[in-house]
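Take a look at the structure set out below.
Below, read A as the first sequence line, B as the second, and so on, with proteins coming before strands; counting in each chain starts at 1. Just so it is clear, the model here is predicted, and its values are computed rather than measured. Heavy-atom basis, side chains included; hydrogens, waters and symmetry copies ignored.
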Amino acid sequence: MPQDIHPIAGDKPAADRRPATADGQSLTLQSRFPIARFQSLIALFLLCLALSILSDKFLSFSNLWNVMRQISVNICISVGMTLIVLTAGIDLSVGSVLALCGAITAGLLKNGIEIPSQNLYIGFTVLGAILAGGLTGSALGAFNGWAITRFNVPPFVATLAMLTVARGLTMLWTGGFPISGLGDTFLFIGTGWFLGIPVPVWISIIVVALAVFLTEKTRIGRYIYAIGGNESASRLSGINVNKVKIIVYTIAGALAAVGGIMVTSRLDSAQPNAGISYELDSIAAVVIGGTSLSGGRGSILGTVQGAIIIGVLNNGLVLLNVSPFWQQVVKGLVILLAVIIDKSNGKGE
Amino acid sequence: MPKPIRYLLYVAVIVLLAYNSVYFKKLDEVKAGTAAFDAAAYAKDFWEKKLTPGLSKAVELGALTAQLKTEKDKAFEQHSHALGIGNIRYFLVKGQGIVTDVSENEVSVKLADTGESSGNVRIATEYIFGNAVRDASGQIDINAFTNSMDFNNVSAEINKLIRGKVVPPFKSEVKKGDRVAFHGAIELNREHLQLNNIEIIPVSLQIEKP
């Protein structure tokens, strides 16, 4: 494979790729009004300002840390979702994969594995249980990628199938009951503090840093953008598109597992119905963060902003005692608004 | 780095991780350390010695819903129990009311007006599942169990007792217009509180004769 080919969009930072006129002048709102580049941050600032005026609890430290803990899970999942969406794919199974990985981690930690025919009991340490959960997520993600590339199944369908399969496996593994009482060491992941910052926030910071490095500084990062920009051209340029896609879905599965382990640890319980509709919050974060659903354009940091907006919005609506039914309506409208603004800026083409 | 050395490093890392991840024991030794747990016996014992005597501490449902409307946090703190820190929490409640409807799966009851609040609730008579009764009592400590399967089996056995002993005599006699008294467990979501469709998993049910 050529080492120096960075075709299509892969050779420029995503934010710099915009349609231009014949004389090289960009037509987008962003170029005319540079402030539009920071629309997510501006939206977040205005949201926080409004909530701090409307609720005296919003700016309290305990509430802000609580929001950050909650957002951490969505950030992990959304980072994986961003990589997938950048390749013009989608993953609807992250919520179910999250639940299964959390349940497997908790189940192995609590009960181990019994093999009566060999009179053998295999116990798992916290490290072992976490690795098993992570491997499960990676394997399910890889299977998604394999099904999509090997059988040319649309990502929507393949991951929808995995959504059901993973949820069913979670029910089978747990018997429909929560698995609780996982021990203080494991609880530290979801509830502990390190250097004055909650551990889940540290985990999400590490995940984001690695993902930014992957997308900005590595060859595979450029390939991800290239495939989303023009898959056929990428293939003709010598990129092993199928391999890159499988890697991306594997990473997304692993990150869903990270989210599942964090949720399980935070609750000290693996719930069989954990993660329901998490995929929607994740897609919302990606879209609000400015990543184009048609692939090739977007950034990890944009998704982080999107996840924070979704998290703050969720928290604010609860603090303001808005009915859960209206909360869904508001969230839906915010997503729609984000897409419309994105389109008007020319990023979503 | 030469390939053989790289592969050797990979193997070393995998072995190191595996060594620190799992441990092996003889199954009969593990089983011997934890005598076979009889969930049915545990549930029966819990029902007779802890749950039934503890019903006197159940909160009046009408008063609870009134408090939830005005002092939600205080009401959850005072009366609810749950494992972990999730928003789903359980209450042990009691009340009286008039039966407004009897269906295959539930009995609808209009709560007697206690002066504080009144409303409609549903008493489950068919689908008795979940951990509401076990957790609402607040008298079972998960740390007393060596594994979660045993803990969950206790819930299943409690639900079996309800399906076998509590529901059948009530269900066979209850009819619209009856005045009933109940003790039971309810599940409420602290974040998304819904008080207009409360379902009660019954622990005791009486039809009060005029």
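Comparing A/Gly107, A/Pro178, A/Gly175 by how many heavy-atom pairs each has under 4.5 Å with chain B, the most go to A/Pro178. Comparing A/Ile179, A/Leu120, A/Leu127 by heavy-atom pairs within less than 4.5 Å of chain B, the highest count is held by A/Leu120. Among B/Leu27, B/Asn152, B/Val22, B/Asn131, the residue with the largest count of heavy-atom pairs under 4.5 Å with chain A is B/Leu27.
With rounding to the nearest 0.5 Å, the separation of CD in B/Gln194 from CZ in A/Phe325 is 4.5 Å. With rounding to the nearest 0.5 Å, the separation of CD in A/Gln327 from CD in B/Glu191 is 7.0 Å.
Around atom CD of B/Glu48, more than 12 heavy atoms belonging to other residues, nucleotides or ligands sit under 6.0 Å away. With a 6.0 Å radius and a threshold of 12 heavy atoms from other residues, nucleotides or ligands, A/Asp184 has its CG atom at or below the threshold. Remark: A/Phe188 CZ is packed, more than 12 non-hydrogen atoms of other residues, nucleotides or ligands lying under 6.0 Å away. Around NZ of B/Lys72, the count of heavy atoms belonging to other residues, nucleotides or ligands within 6.0 Å exceeds 12.
With contacts defined as side-chain heavy-atom distances shorter than 4.5 Å, the pair A/Phe124/B/Tyr23 does not qualify. Between B/Ser155 and A/Phe177, the closest side-chain pair of non-hydrogen atoms falls below 4.5 Å.
The shortest heavy-atom contact between B/Ser21 and A/Gly128 is CB-CA, 3.3 Å. Nearest heavy atom pair, residue A/Lys110 against residue B/Phe145, reads NZ-O, 4.2 Å.
Judged by distance alone, the side chain of A/Thr125 and the main-chain N or O of B/Asn20 form a donor-acceptor pair under 3.5 Å.
Applying the side-chain hydrogen bond (donor to acceptor under 3.5 Å, both in side chains) criterion to A/Asn119, with sequence neighbours excluded, gives B/Asp28. Considering only residues two or more places apart in sequence or on other chains, A/Ser180 meets the side-chain hydrogen bond (donor to acceptor under 3.5 Å, both in side chains) condition with A/Ser269.
Heavy-atom distances place both the backbone and the side chain of A/Ile122 under 4.5 Å from chain B. Contacts between B/Phe24 and chain A at a heavy-atom distance below 4.5 Å involve backbone atoms as well as side-chain atoms. Heavy-atom distances place no part of A/Gln118 under 4.5 Å from chain B, backbone and side chain included. With a 4.5 Å cut-off on non-hydrogen atoms, A/Ile115 touches chain B through its backbone but not through its side chain. Proximity to chain A (any heavy atom under 4.5 Å) is shown, for B/Leu193, by neither the backbone nor the side chain.
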